[in-house]
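Only this structure's heavy atoms are used, side chains among them; waters, hydrogens and symmetry mates stay out. Just follow the structure's listing: the first ligand is 1, and inside any ligand the first atom is 1. Everything numeric here is computed off the predicted structure, so don't read it as measured data.
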Amino acid sequence: MNISELENKTVGELSGVGPKSVKSYASLGIETIADLVKMMPRGYEDRSHRVCIGRQTGDGLLTNTIVTVLGKSKFGKGLKSVKAVVEDMETGVRAEILGFNRPFLDHVIYEGCIYHLYGNQMAQDGHRIAQFSQFELKPVREEELMRPDAVINGGMLAVYSLSGNLTQNIVRRDVANALRNITVIDEILPSNLIEKYRLIDYDSAIRKMHNPLCEEDIVNSRRTLAFSEVFYMQLASMRRPAGSDIRRSTEKRVYEQESRFIANLSFKLTGDQEKVLDEIRTDMSKSESMNRLLQGDVGSGKTMVAWISAVHVIAEGRQVAFMAPTELLARQHSQNAAKLFEKTGISVAYLDGEVHGKSRQLLLEQLAKGNINLLIGTHALFSKDVKFSNLGYVIIDEQHRFGVEQRNALFRKGENPDILLMTATPIPRTLALTVYGNLNVSTIKTMPAGRIPVKTFLVDSSRRQEMYRSVGVELSRGHQAYFVYPRIEADEEQQDSSGLRDVETMYGYLSTRQYPQFRGALIHSRLSDDEKIKILNDFSEKKLDYLVATSVVEVGLDVPEATCMVVEHAEVFGLSALHQLRGRVGRSSLASWCFLVYEKNISDDGKKRLSVLRRTNDGFEIAEEDLKIRGPGEITGLRQSGFTNLKYASMDRDIEMMACARDEVAAILKDDPGLLSVGNSVIRQNLFT
Ligand code: ADP
Ligand code: MG
């Protein structure tokens with residue numbers, strides 16, 4: 001039976017599943033029989049090892065053994081209780097089974113018969129014989145004794161997540177019922193892959209997940225199900241809808257407009273920038289659309305690559321959308337673009353949520369007519385009424401800040417536009433490869449020439465004065481500084497408990513006590529965008545010497561003469577965030593410093609974590625370290641990627657498996673894009689029936 005057939009059947013169709021259970025299952029996300037059958041237990045109770053009576057180890061008195069009933073009797077009020085004397089078949093040790101008020105046991109327990117006994121032995125205060133009052137007793141037939149130990153002992157028992165009226169026994173029964181009604185679940189993976197990765201067949205994988213006999217069954221079942229899961233996930237992301245490949249197919253070329261633009265830059269492109277541009281041009285010449293992730297440290301020149309590639313597309317007569325995660329960044333990009341494209345004949349426009357009324361109307365008209373070549377903005381570019389005449393290229397800055405849905409909304413505005421995702425929060429290679437399926441990855445490793453790596457110091461808070469002096473020296477040379485704090489304002493109550501420094505208090509302190517002779521400003525997320533822009537403009541025009549900020553300065557700010565980054569309470573920031581902050585300095589040929597100030601109560605681990613930043617300026621290494629410390633689920637961007645909603649596979653354990661699945665899917669689609677071959681028929685059937 002094909003598993004998808006079970007998707008039309010609700011759990012309520014199973015015998016014994018009433019409306020109450022249907023509701024309880026629903027709250028666990030289980031609506032159909034397919035859901036129930038695919039549900040992964042949250043754990044297993046190991047009953048595969050025999051624990052003879054009186055041979056229990058550890059604190060518990062858990063017993064799991066095979067016994068013969070020597071005799072039984074009824075006792076207590078109304079003779080409603082049943083007592084049986086049993087003998088461990090392996091050791092001959094005897095015990096008493098006490099079924100208080102369980103008269104039905106009289107019809108279950110028979111003298112001379114063999115049972116599987118599972119239960120907790122009662123504390124033996126004074127009794128000579130072991131006693132059980134909480135137990136499960138299941139008859140074992142003579143011939144079953146020939147089967148493996150694990151089977152007669154009860155194997156591994158699935159333990160499920162519960163809700164409402166559900167109990168383990170109810171769920172076990174319903175799952176067993178469902179499985180009994182299915183003769184065989186059809187295979188969903190090609191047989192060569194099952195062999196290659198030493199998986200088991202899908203039917204067994206499902207059944208063993210619910211009824212494993214031993215640890216090995218659980219492992220094999222989970223591996224198989226996890227592989228199937230990531231395989232189909234990759235397949236979904238790599239298969240392109242029919243007809244999506246109808247595009248030009250030209251040779252890779254550099255347009256004249258593009259060369260002119262590059263020649264007019266005040267600097268020479270780095271080798272890595274050239275390399276990435278080459279990769280992008282190659283992608284763009286292909287019949288299918290580009291889907292590329294560009295990673296590179298802050299200041300490595302990614303945005304410049306984006307602009308140049310935009311010129312490439314504009315030269316082909318298509319429009320470009322450039323999207324940034326915040327208005328602040330989007331506006332900064334658009335200001336830069338306005339300067340860069342000033343004499344190129346390329347028309348640039350800016351759109352965010354604040355553009356209203358007539359001006360918005362006008363902009364949208366021009367856009368629809370194709371008179372705007374490059375539209376820069378925030379997620380406002382997703383709005384329904386934003387229509388391009390010929391959108392050919394979508395660039396997304398700091399891509400991890402956008403949700404998958406938002407991105408897709410923009411992509412749908414063009415006919416399979418080329419896509420460039422940029423990030424300065426590098427995703428470790430292994431993850432990027434696997435998580436993004438068909439995404440190609442370009443990396444800029446080298447910084448523009450003349451950059452001096454930022455020097456990073458870890459500063460014990462008791463040495464803060466020294467640090468203020470050092471920064472003062474830089475300020476008096478005409479360079480600029482950032483001071484970053486985790487909080488906006490002093491909140492009386494919280495101040496006591498968290499003790500975190502806040503920008504308001506510290507701005508007061510710095511401007512009156514430390515740097516009265518310099519011009520500073522306070523910037524944080526509560527200011528309006530106009531105010532922020534004004535301050536940032538003043539800062540980049542050197543009308544201000546220092547900024548006291550929250551982490552709003554984290555992304556994208558580009559002020560070459562800023563040479564000092566001070567982060568206080570560095571221990572409360574993530575490594576990647578600190579690395580981003582540090583990226584605000586070291587953006588010119590001037591030497592720069594980053595001071596990470598930590599408090600006395602920092603843990604050893606916390607200090608070790610910070611020292612990663614002192615050791616390296618390499619964003620990739622820092623991301624790897626973040627990965628080790630926090631686990632992949634926590635890495636920015638992965639959480640929203642949808643890949644953490646996995647049922648069987650896990651980001652922690654199965655990264656390698658994801659890579660394998662990706663490669664296999666790529667190979668299959670290359671040889672047989674329509675999945676028409678005999679070998680791939682299982683895939684086709686699973687997808688289309
Ligand atoms: P990113 O987007 O990777 O943070 P940008 O493209 O914004 O980096 O570049 C950072 C700064 O370096 C900008 O001021 C940019 O004009 C400048 N820049 C870019 N490429 C080069 C280069 N090859 N040589 C010198 N400066 C460059
Ligand atoms: Mg940038």
Side-chain angles (χ1 to χ4, degrees), residues 258-259 261-280 292-312 320 322-326 328-342 344 348 374 376 395-401 420-427 441-454 480 482 536-537 539-542 553-563 565 576-590 592 594 617-620 622-623:
E258 205 179 333
S259 325
F261 182 77
I262 296 170
N264 281 336
L265 292 173
S266 60
F267 46 74
K268 210 171 150 298
L269 295 178
T270 66
D272 278 358
Q273 282 174 318
E274 300 264 20
K275 178 199 73 183
V276 171
L277 277 167
D278 207 56
E279 288 166 347
I280 292 174
R292 185 168 283 277
L293 176 71
L294 171 53
Q295 11 180 42
D297 253 323
V298 279
S300 60
K302 294 184 297 296
T303 312
M304 192 45 70
V305 167
W307 295 141
I308 296 168
S309 58
V311 177
H312 180 95
V320 179
F322 185 112
M323 204 161 55
T326 63
L328 196 67
L329 267 184
R331 281 212 235 176
Q332 195 179 287
H333 279 311
S334 102
Q335 284 172 2
N336 289 342
K339 274 182 236 152
L340 270 171
F341 295 110
E342 208 176 354
T344 57
V348 183
L374 171 59
I376 300 168
I395 302 165
I396 300 185
D397 194 20
E398 302 296 339
Q399 63 89 21
H400 58 272
R401 299 204 167 197
L420 184 71
L421 306 168
M422 303 199 288
T423 181
T425 309
I427 294 157
V441 180
S442 288
T443 305
I444 301 186
K445 282 229 153 175
T446 49
M447 287 286 174
R451 296 275 168 84
I452 302 173
V454 180
Q480 295 160 287
Y482 298 97
L536 293 174
N537 280 342
F539 190 60
S540 54
E541 284 164 23
K542 296 195 71 176
V553 295
E554 187 185 317
V555 258
L557 267 188
D558 189 15
V559 180
E561 305 243 322
T563 60
M565 169 60 68
S576 296
L578 289 172
H579 181 62
Q580 293 283 322
L581 285 170
R582 178 167 63 182
R584 299 302 111 224
V585 298
R587 298 177 76 84
S588 67
S589 55
L590 298 170
S592 302
C594 175
N617 274 313
D618 180 345
F620 290 88
I622 289 162

> What part of Arg451, side chain, backbone, both or neither, has a heavy atom within less than 4.0 angstrom of ligand 1?
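It is the side chain that gets close, since no backbone atom is under 4.0 Å.
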
> Number the atoms of ligand 1 from 1 as they appear, then name those within less than 4.0 Å of a heavy atom of Thr270, with their elements.
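Heavy-atom distances to Thr270 below 4.0 Å select 23 (N).
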
> Would you call Asn537 and Gln335 a side-chain contact if the rule is heavy atoms closer than 4.5 Å?
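Yes, side chains in contact.
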
> If you measure every N/O of Phe267 against every N/O of ligand 1, is any gap under 3.5 Å?
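Between Phe267 and ligand 1 (N or O atoms, distance only) the closest approach is not under 3.5 Å.
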
> Of all the atoms in ligand 1, which lie at a distance below 4.0 Å from a heavy atom belonging to Leu269?
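What qualifies from ligand 1 is 23 (N).
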
> With side chain to side chain contact (heavy atoms under 4.5 Å, CB included) as the criterion, how do Leu265 and Met304 come out once you've worked through the C-alpha distance, each side chain's angles and the decisive distance to 0.1 Å?
CA-CA 10 Å; Leu265 292 173; Met304 192 45 70; 4.0 Å; yes

> N/O of Gly299 under 3.5 Å from N/O of ligand 1, yes or no?
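Gly299 vs ligand 1: N/O contact under 3.5 Å present.
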
> Under 4.0 Å from a heavy atom of Gly301: which atoms of ligand 1 are those, numbered in the order shown and with their elements?
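Once the distances to Gly301 are compared, the set is 1 (P), 3 (O), 5 (P), 6 (O), 8 (O), 9 (O), 19 (C).
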
> Quick check on Asp297 - does any of its heavy atoms sit under 4.0 Å from an atom of ligand 1?
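For ligand 1, residue contact (heavy atoms, under 4.0 Å) with Asp297 is present.
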
> What atoms of ligand 1 come within less than 4.0 Å of a heavy atom belonging to Lys268?
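So the atoms of ligand 1 that pass are 22 (C), 23 (N), 24 (N).
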
> Give a yes/no on ligand 1: does Met447 have at least one heavy atom closer than 4.0 angstrom to it?
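Heavy atoms of Met447 never come under 4.0 Å of ligand 1.
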
> Would you check whether Ser300 reaches within less than 4.0 Å of ligand 1, judged by its heavy atoms?
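Checking ligand 1 against Ser300, which is what was asked, there is a heavy-atom contact under 4.0 Å.
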
> Say whether Met304, considering both its backbone and side-chain N or O atoms, lies within less than 3.5 Å of an N or O atom on ligand 1.
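So ligand 1 has an N or O lying under 3.5 Å from an N or O of Met304.
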
> Test Trp307 against Ile395 for side chain to side chain contact (heavy atoms under 4.5 Å, CB included), laying out the working first.
CA-CA 9 Å; Trp307 295 141; Ile395 302 165; 5.6 Å; no

> Please round to the nearest 0.5 Å and tell me the distance separating atom CD1 of Ile622 and atom NE2 of His579.
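So the CD1 of Ile622 and the NE2 of His579 are separated by 4.5 Å.
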
> Indicate yes or no for a side-chain donor-acceptor contact from Lys275 to the backbone of Ser442 under 3.5 Å, with no hydrogens or angles considered.
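It does not hold such a pair.
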
> Take atom NZ in Lys268; do more than 12 heavy atoms of anything else shown fall under 6.0 Å from it?
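Incorrect, the count does not exceed 12.
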
> Considering only heavy atoms from C-beta outward, does the side chain of Asn617 approach that of Arg582 to under 4.5 Å?
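Yes, side chains in contact.
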
> Is Leu293 close to Leu421 at the side-chain level, that is, under 4.5 Å between some pair of heavy atoms?
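SC-SC contact between Leu421 and Leu293 confirmed.
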
